[in-house]
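Only one structure is covered here, and it is reproduced in the block below.
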Amino acid sequence: MTKRSALKRQTREAAREFGVLDTPEFIQEAKVRRLPPHVGNGRGNQRSGWSPYPSNDDRDQAYLKTLKPKSDGQAGLMEAIDDHNMVLALGPAGTGKTYLAVAKAVEALEAGRVGRIVLSRPAVEAGESIGFLPGDMEDKLAPYLRPLYDALSDRLSMKRVKALMAEGAIEIAPIGYMRGRTLNNAFVVVDEAQNCTYVQLKMLLTRLGWNSTMVVTGDPHQSDLLPGVSGLSDIAEKLKQVPDIAVVHLAERDIVRHPLVASMIGVL
């Protein structure tokens with residue numbers, strides 16, 4: 001490298017360090033052609049880099065933070081959550097039960113209506129034994145609680161999720177650790193309730209405290225427990241008689257996943 005090239009490199013590094021690299025005077029003198037700014041990745045921001053999302057992406061409820069129902073059943077579920085302190089959302093896979101419940105929990109936390117979010121899910125394997133999982137308790141439970149993390153990160157950035165979890169505003173816990181608790185000033189979401197027994201669900205429902213909302217989601221036809229062990233259907237039938245509790249049934253027409261999911265649910 002010649003002395004002249006080395007001098008140019010040192011000048012450019014110094015300019016970058018002191019923030020004058022992008023000034024018009026420096027650009028004109030150095031004859032540096034600036035690259036045009038990135039036009040965005042279809043999600044409303046100007047972040048550079050490749051994105052898998054096309055410019056006409058319509059997933060506005062995840063990225064613009066606006067929650068919109070995509071079916072009449074979802075609209076009914078959202079209305080029930082707004083009007084009742086306890087809601088049971090029953091329906092097939094892909095109807096948005098978990099997503100809507102978590103999104104409503106985030107909405108309540110951000111608006112200051114509750115002080116914390118408590119998400120609970122049974123640690124039940126889906127038809128096969130995973131075996132020993134390494135790590136501490138959080139590492140062992142992470143695979144079972146992954147859907148809740150996904151729903152949270154779709155409404156909040158992962159950085160904010162971690163910050164809220166660190167300060168205790170968001171708690172994700174397995175059902176086995178809910179015994180004896182009273183959940184005041186909280187939005188509680190119990191996911192995959194079809195994998196809970198009658199006794200477990202009775203225990204969970206009676207955790208509800210003052211100024212709290214609880215949403216229980218599940219599909220009675222997709223239980224990973226032995227036949228007759230799941231208590232979700234029995235609990236839902238009995239709670240229909242309680243006027244201040246909403247039991248919402250979602251159907252195949254409310255499925256928002258791939259159209260084939262609705263077709264498969266009808267024949268499987």
Side-chain angles (χ1 to χ4, degrees), residues 40-47 49 51-54 56-89 91 93-121 138 141-174 183 185-193 211-219 246 248 250 254-258 261:
N41 54 12
R43 291 184 285 177
N45 58 25
Q46 299 297 323
R47 186 172 55 187
S51 171
Y53 298 99
N56 61 347
D57 190 5
D58 60 352
R59 294 184 61 194
D60 56 335
Q61 70 179 32
Y63 302 107
L64 298 183
K65 307 304 180 187
T66 56
L67 187 61
K68 299 178 181 178
K70 295 187 176 182
S71 68
D72 293 337
Q74 288 192 353
L77 175 57
M78 293 173 62
E79 184 178 353
I81 295 175
D82 291 334
D83 297 338
H84 297 79
N85 292 111
M86 180 170 291
V87 178
L88 276 71
T95 51
K97 304 181 299 295
T98 301
Y99 185 87
L100 290 177
V102 173
K104 278 294 186 180
V106 172
E107 181 182 290
L109 180 66
E110 294 284 80
R113 296 195 298 269
V114 296
R116 56 176 171 158
I117 297 174
V118 180
L119 307 177
S120 187
R121 197 169 190 264
E138 292 184 358
L141 295 174
Y144 302 101
L145 304 178
R146 185 73 250 177
L148 298 179
Y149 285 107
D150 292 340
L152 275 176
S153 62
D154 213 17
R155 304 304 300 172
L156 300 167
S157 65
M158 274 311 299
K159 182 178 181 180
R160 179 156 171 75
V161 170
K162 291 179 180 179
L164 291 173
M165 292 182 67
E167 65 185 47
I170 295 180
E171 177 186 352
I172 302 180
L183 303 175
N185 193 28
F187 197 111
V188 186
V189 178
V190 180
D191 190 34
E192 297 292 333
N211 190 37
S212 294
T213 298
M214 179 178 290
V215 180
V216 180
T217 69
D219 179 6
V248 180
L250 301 173
D254 299 309
I255 294 177
V256 294
R257 287 179 184 165
H258 194 284
V261 175

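For this chain, numbers begin at 1 and follow the sequence in order.
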inquiry  = Can you confirm whether more than 12 heavy atoms, excluding those of Asp72, are under 6.0 Å from its CG atom?
reply    = no

remark   = With sequence neighbours left out, the residues meeting side-chain hydrogen bond (donor to acceptor under 3.5 Å, both in side chains) with Glu171 are Arg181

query = Are the side chains of Leu250 and Lys97 in touch, meaning some heavy atoms are under 4.5 Å apart?
reply = yes

message = Please enumerate all residues that pass side-chain hydrogen bond (donor to acceptor under 3.5 Å, both in side chains) together with Ser120, with sequence neighbours excluded.
response = none

Closest heavy-atom pair and its distance - Gly91, Asp219 = O-CB, 3.1 Å

inquiry  = Could you tell me if the side chain of Glu192 sits less than 4.5 Å from the side chain of Pro147, heavy atoms only?
reply    = no

ask   = What closest approach, in Å, do Asn211 and Val114 show between heavy atoms, and which atom pair accounts for it?
value = O-CG1, 4.3 Å

note = Closest non-hydrogen atoms of Arg113 and Asn185, given as atom of the first, atom of the second and distance, are O-OD1, 3.8 Å

request  = With the side chain counted from C-beta on, respond yes when Val215 and Phe187 share a heavy-atom pair under 4.5 Å apart, and no when they do not.
outcome  = yes

ask   = With a 4.5 Å limit on heavy-atom distance, are the side chains of Gln74 and Tyr99 in contact?
value = no

query = Side chains of Leu119 and Leu152: closer than 4.5 Å at any heavy-atom pair?
reply = yes

message = To check you understand the geometry: which heavy-atom pair defines the closest contact between Leu67 and Ala103, and what is its length?
response = CD2-CB, 3.7 Å

query = If you measure from CE on Met165 to CE on Met158, what distance do you get to the nearest 0.5 Å?
reply = 7.5 Å

query = Within a strict 4.5 Å, meaning less than it, do heavy atoms of the Leu183 and Arg116 side chains meet?
reply = yes

request  = Identify the heavy atoms of Ala80 and Ala246 that sit nearest to each other, and give their distance.
outcome  = CB-CB, 3.9 Å

key: Contact summary for Thr217 and Ala101, nearest pair of heavy atoms   = CG2-CB, 4.2 Å

ask   = Do Leu164 and Ile117 touch side chain to side chain, with heavy atoms closer than 4.5 Å?
value = no

Thr95 and Leu77, any side-chain heavy atoms less than 4.5 Å apart = no

key: Any pair counted as side-chain hydrogen bond (donor to acceptor under 3.5 Å, both in side chains), so long as it reaches residues 159-169, sequence neighbours left out   = Glu110-Arg160

key: Test side chain to side chain contact (heavy atoms under 4.5 Å, CB included) applied to Asp82 and Lys104, step by step   = CA-CA 9 Å; Asp82 291 334; Lys104 278 294 186 180; 3.0 Å; yes

query = CD of Glu107 to CG of Leu100: how many Å apart, nearest 0.5 Å?
reply = 10.5 Å

key: Side-chain donor/acceptor of Ser212 to backbone N/O of Ala186, under 3.5 Å   = yes

